[in-house]
Amino acid sequence: MLNSLNRMEKAFDIGLDSLVAEKRPPAPAPEIISGSPQRGTFYLETFGCQMNDHDSEKVAGVLLSRGYRQVESIDAASFILYNTCSIREKAAQKVFSRLGEFSEAPSQGKMIGVLGCVAQQEGEKIFHRSPWVNLVCGSASYSKLPELLSQLEAGEKRVTGLDTDTDETFETEMTRRDNPWRAYLTIIEGCDKACSYCVVPFTRGPERSRSSDSVLRELRQLAELGYTEVQFLGQTVNSYADPAPRKMKFSELLLVAAEMPGMRRVRFTTSHPRDFHPDIVEAIENNEKVCNHVHLPVQSGSTPVLRAMQRTYSRDEYLEKIAMMRNARRPIAITSDIIVGFPGETEADFEETLRLMQEVKYEAIFAFKYSPRPNTPAQSMPDAIPEEEKSRRLAVLLDLQRKIQTDANQKLIGQDFEVHVEGKSRKENQWSGHTSCNRVVNFSSSQPDLLGSYVRARVNGVTPNCLIGEQTI
Ligand code: 5AD
Ligand code: SF4
């Protein structure tokens, strides 16, 4: 999980190297709901974070339930959709280069849709730049998708969903989930924090929590479909504020979810340090089914930089949260996001970040070069750091993290872990999966048909990014 990503912050989704996940849905969703008309075919490509991945699963559900059929190639599609990311400039540029390839779309009878953060950020400007685009819709307007699709089906050429002034969350009758064993479940959308570098509050709108009743209803359905692991999602998942009268706290929701018959693992991401309190650690300590992994982005180890970033905590306050976890009765894996080269970041500030990493010894990090984003306060801050210097700092930081991970992983040799098996290698008897603490384990077993099951594996080797082992039970 050591990463300098231009691709995005898949804090949990780690590549399975040579392993291939054979997808065997416990209860495959019907492709077309009976009674709905047959429409065209759609191709949907997703950029960015897990929230986007899951939004795409829901968008696919909306399209399937209207009678569209999903295809895996652009050529076979009559409706091409991109669910986009604008967190860093490169991610946004990628979308425009993709859109540039479709000038012939109208003459081929194809429709093009732009969803997600670039759609929200650029709005109708997308029509000027790529006049062949038919749909521009930000994530805060997805609940209007059926209406927007009706307009397109009725022959309208350009439709938009761009309001962010909403208290709605996006709930669907049907979601076409990609992973047959681990289900995403969004519990809070949007973000009310105002980190000075970040576009998310603009592109995803204000924080909206789903009611605990609705979350638990969906969780029950997931358990009935055979899912055993759920991942609660939110940009600031632990800022969850139940709008239902029972006002369930986030930590209570974790514990209630863990007790759902059939559920074996409950995870959550991403946590914000400001709202990270002892009750969350207690939930992890007291219930084995609440996964012992916390993704708690620090962004910088320097208090002045944190202040300029408007992160709402100091280095010491952050380290108190870390101490709370490191002192827990159950070991908790901690991962983080770090930005290097924020405007005004001095060499001394950067070294504070390196020192913090040495102190915390993160199990994994995602590190990024600061990228100026439209509408954000940091965009116009003085003392921008040159690109080469950002690259240098990133390389130094990743090198340090590689050493930290190698040392930490070495200490795990001989230990047993429970692994949720999600991948099967092309190599005979080789499998892969995740531990509760979200480490990847590649292991050998002579047993057939382990996909989706939970097994114990003993670690007998390591790389910086994964554990290698063999099945014990
Ligand atoms: N530049 C670089 N990285 C960013 N992130 C968010 N905005 C920016 C930006 N403008 C990173 C943060 C965040 C992660 C999702 O992306 O580290 O936690
Ligand atoms: Fe962006 Fe900060 Fe909100 Fe995270 S907490 S989504 S970094 S504004």
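Read the numbers this way: they start at 1 and go in the same order the structure lists the ligands and their atoms. Note that the coordinates shown come from a computational prediction; the quantities given were computed from them, not determined experimentally.
- Under the side chain to side chain contact (heavy atoms under 4.5 Å, CB included) test applied with Ser271, the options Thr236, Ile334, Ile280, Asn238 reduce to a single match, Asn238.
- Close approach of ligand 2 to Lys193 is summarised as follows: ligand atoms under 4.0 Å from at least one heavy atom of the residue are 5 (S), 8 (S).
- Checked against a 3.5 angstrom limit, the closest N/O atoms of Tyr197 and ligand 1 fall inside it.
- Between the choices Asp337, Thr270, Val199, the shortest heavy-atom distance to atom 14 (C) of ligand 1 belongs to Asp337.
- With a 4.0 Å heavy-atom cut-off, ligand 2 is reached by no atom of Thr270.
- For ligand 1 and Tyr370, the ligand atoms under 4.0 Å from any heavy atom of the residue are 1 (N), 2 (C).
- In this structure, OG in Ser212 is found 6.5 Å from CG in Leu253, a value given to the nearest 0.5 Å.
- With hydrogens and angles disregarded, a donor-acceptor distance shorter than 3.5 Å links the side chain of Thr435 to the backbone of Asn438.
- Considering every non-hydrogen atom in both Gln310 and Ala194, the closest pair reads NE2-O, 2.9 Å.
- Remark: among candidates His272, Gln299, Met309, the nearest residue to atom 5 (S) of ligand 2 is His272, based on non-hydrogen atoms.
- When non-hydrogen atoms are compared, ligand 2 lies under 4.0 Å from neither the backbone nor the side chain of Pro297.
- Aromatic ring centroids of Phe268 and Phe250 lie under 6.0 Å apart.
- For atom 2 (Fe) of ligand 2, the closest non-hydrogen atom on the protein side is Cys195 SG, 2.3 Å.
- Less than 6.0 angstrom separates the ring centroid of Phe170 from the ring centroid of Tyr142.
- Under a 4.0 Å criterion applied to the non-hydrogen atoms of Arg373, ligand 1 contributes the atoms 10 (N).
- Applying the 4.0 Å criterion to heavy atoms of Gln299 picks out, from ligand 1, the atoms 12 (C), 13 (C), 17 (O), 18 (O).
- Heavy atoms of Lys369 found under 4.0 angstrom from ligand 1 belong exclusively to the backbone.
- For CD of Glu171, the number of neighbouring non-hydrogen atoms (other residues, nucleotides, ligands) closer than 6.0 Å is greater than 12.
- Between His295 and His293, the ring planes lie perpendicular to each other; the angle is over 60°, past the 30° to 60° tilted range.
- At under 3.5 Å, a nitrogen or oxygen of Ser371, whether backbone or side chain, sits near a nitrogen or oxygen of ligand 1.
- Summarising the local packing, CZ of Arg355 is surrounded by more than 12 heavy atoms from other residues, nucleotides or ligands at distances under 6.0 Å.
- The nearest protein atom to atom 1 (Fe) of ligand 2, hydrogens excluded, is given as Cys198 SG, 2.3 Å; this is a heavy-atom distance.
- Of all atoms in ligand 2, listed by their number and element, those nearer than 4.0 Å to a heavy atom of Thr236 are 5 (S).
- For Cys191, every heavy-atom contact with ligand 2 shorter than 4.0 Å involves the side chain, none the backbone.
- Of the options Thr186, Thr169, Asp192, a side chain to side chain contact (heavy atoms under 4.5 Å, CB included) to Arg208 is made by Thr169 and by none of the others.
- In this structure, Arg204 falls outside the shell of residues with a heavy atom less than 4.0 angstrom from ligand 2.
- Only the side chain of Ile339 comes within 4.0 Å of ligand 1, judged by heavy-atom distances.
- Ring pair Phe102/Tyr82 is tilted by interplanar angle, where 30° to 60° counts as tilted.
- In summary, the side chains of Gln121 and Ser86 do present a donor paired with an acceptor at a separation below 3.5 Å, with no hydrogens or angles considered.
- For ligand 2 and Arg311, the ligand atoms under 4.0 Å from any heavy atom of the residue are 2 (Fe), 5 (S), 7 (S).
- If you check which protein heavy atom lies closest to atom 7 (S) of ligand 2, you get Tyr197 OH, 3.3 Å.
- Taking a cut-off of under 4.0 Å to the non-hydrogen atoms of Pro201, the atoms of ligand 2 that pass are 8 (S).
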